[in-house]
Asks: 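One structure follows; several queries about it will come next.
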Number of protein chains: 2
Amino acid sequence: MDELDQILLMALREDATQSYAALGRLAGLSAGAAHERVRKLRERGVIRRTTIDVDPAAVGRPVLSFVLIEANAWMGEEPVHAALRAIPELEEAHVIAGSASLLVKIRTGTTEALQDVLRRLFAIEGVSGTQTIVVLETVFEGAGGPPAPSGH
Amino acid sequence: MDELDQILLMALREDATQSYAALGRLAGLSAGAAHERVRKLRERGVIRRTTIDVDPAAVGRPVLSFVLIEANAWMGEEPVHAALRAIPELEEAHVIAGSASLLVKIRTGTTEALQDVLRRLFAIEGVSGTQTIVVLETVFEGAGGPPAPSGH
DNA sequence: CCTGAAAGGGCAAGCAC
DNA sequence: GTGCTTGCCCTTTCAGG
């Protein structure tokens, strides 16, 4: 994980379709060397996968919200995790420190659909309350960080 | 945006490196037709970009936190947005409804580094307070949704 | 880590059905 | 949308330095 790997990761986050030749140019490496480094980054799990960034509004989920979940039981166990995974509107779920127990990120088509997700969250054993934060506008949100502060 | 497009998007989220032949097989299309649909999805902006999913811990940012920012001024304007963008530890920033004004997602190497980010947030004009939520464990967090509930 | 070369595969464009 | 063809670039893997 030296500086060259950092450059490669940054470049791939911006565009994972570019060729190893282009990546090599950015890092000052040959295409072969760039390819070898990226292969090792995948192997080590630094790069988990190659994926696409989908516009949520374009697929009918313009409403973004975060929900703090309070619980009267420990929420760090597998049955709870499985229940969370079963809700497709959840984009993220975290066990947190603080007055609440969980924080989840939710995308729905409408606020009515959000309400239905909340209903399903309340159905999970141990959940005693929720606090919903509705997003009015997303300033930025991307594949790991604000758009390249001094990247290229 | 019919059902076939949905299948293609789902498959690409899981693995954007797979061939159009494989995508076509999943959707019941030829490689050429699959390619054409994906090309149009990119063109329309439904697919914003192809990117990689990097393990935050592997790049020295194991500490994840969310911060609710209170402000005594409207935070929806561009100077504020620019100030947020200038903080590389911020992974997301949202203008929200509710008692706080902004919600940001932060990744740092240590809690000391988090403290320094908070200091920089306080330096933004209009910021009057913060409430920090530290993540103990991430249950899931991926490219758009829990790992394929009934996907394949 | 670089160069070079050979081999394979996927992508793009065009056209007929 | 399918099936096919042609050309091109990139990837992959080998060699050797």
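In what follows, chains carry the letters A, B, and so on, assigned in the order in which the sequence lines appear, proteins first and then strands, with residues in each chain numbered from 1. Here the structure is a predicted model, which is why all the values come from computation and not from measurement.
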Asks: Output a table of nitrogen or oxygen pairs between the protein and nucleotides 15-17 of chain D separated by less than 3.5 Å.
Replies:
none

Asks: My understanding is that only residues two or more places apart in sequence, or in another chain, count here; which of them pass side chain to side chain contact (heavy atoms under 4.5 Å, CB included) with A/Gln6?
Replies: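 Side chain to side chain contact (heavy atoms under 4.5 Å, CB included) list for A/Gln6, sorted by chain: A/Met1.
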
Asks: With sequence neighbours left out, which residue pairs that include part of residues 64-83 of chain B fulfil the salt bridge (charged side-chain N to carboxylate O under 4.0 Å, His left out) condition?
Replies: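 Passing the test, one end in residues 64-83 of chain B: B/Glu78-B/Arg85.
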
Asks: My understanding is that only residues two or more places apart in sequence, or in another chain, count here; which of them pass side chain to side chain contact (heavy atoms under 4.5 Å, CB included) with B/Arg120?
Replies: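 B/Arg120 satisfies side chain to side chain contact (heavy atoms under 4.5 Å, CB included) with B/Ile87, B/Pro88, B/Glu89, B/Asp116, B/Val117 once adjacent residues are dropped.
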
Asks: Under 3.5 Å, which N/O atoms of the protein pair with N/O atoms of nucleotides 1-4 of chain C?
Replies:
residue : atom : partner : partner atom : Å
C/dC1   : OP1  : A/Arg37 : NH2          : 3.1
C/dC2   : OP1  : A/Ser30 : N            : 3.2
C/dC2   : OP2  : A/Ser30 : N            : 3.3
C/dC2   : OP2  : A/Ser30 : OG           : 3.0

Asks: Roughly how many Å is it from CZ in B/Arg25 to P in D/dG1, rounded to a whole number?
Replies: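 After rounding, the gap between these two atoms is 18 Å.
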
Asks: Just the rounded figure in Å: distance from C1' of D/dC10 to CG of A/Asp15.
Replies: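 Rounding to the nearest Å, CG of A/Asp15 and C1' of D/dC10 are 15 Å apart.
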
Asks: Test of understanding: with salt bridge (charged side-chain N to carboxylate O under 4.0 Å, His left out), list the residues that count as partners of A/Arg37, not counting sequence neighbours.
Replies: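 A/Asp2, A/Asp5.
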
Asks: From CG of B/Leu23 over to P of C/dC11, roughly how many Å is that when rounded to an integer?
Replies: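 Rounding to the nearest Å, CG of B/Leu23 and P of C/dC11 are 9 Å apart.
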
Asks: Under the side chain to side chain contact (heavy atoms under 4.5 Å, CB included) rule, collect the residues that match up with B/Thr110, sequence neighbours excluded.
Replies: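 B/Thr110 satisfies side chain to side chain contact (heavy atoms under 4.5 Å, CB included) with B/Glu112, B/Ala113 only.
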
Asks: So, using salt bridge (charged side-chain N to carboxylate O under 4.0 Å, His left out) as the criterion, who are the partners of B/Arg42 when residues are at least two apart?
Replies: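 Here no residue qualifies.
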
Asks: If we only count heavy atoms from C-beta on, is the A/Ile96 to B/Leu136 side-chain gap below 4.5 Å?
Replies: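 A side-chain contact is absent here, since even the closest heavy-atom pair is not under 4.5 Å.
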
Asks: Among residues two or more places apart or on two chains, list those pairs meeting ring-ring contact (aromatic ring centres under 6.0 Å, His included) that have a residue in residues 116-139 of chain A.
Replies: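 Pairs touching residues 116-139 of chain A that pass the test: none.
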
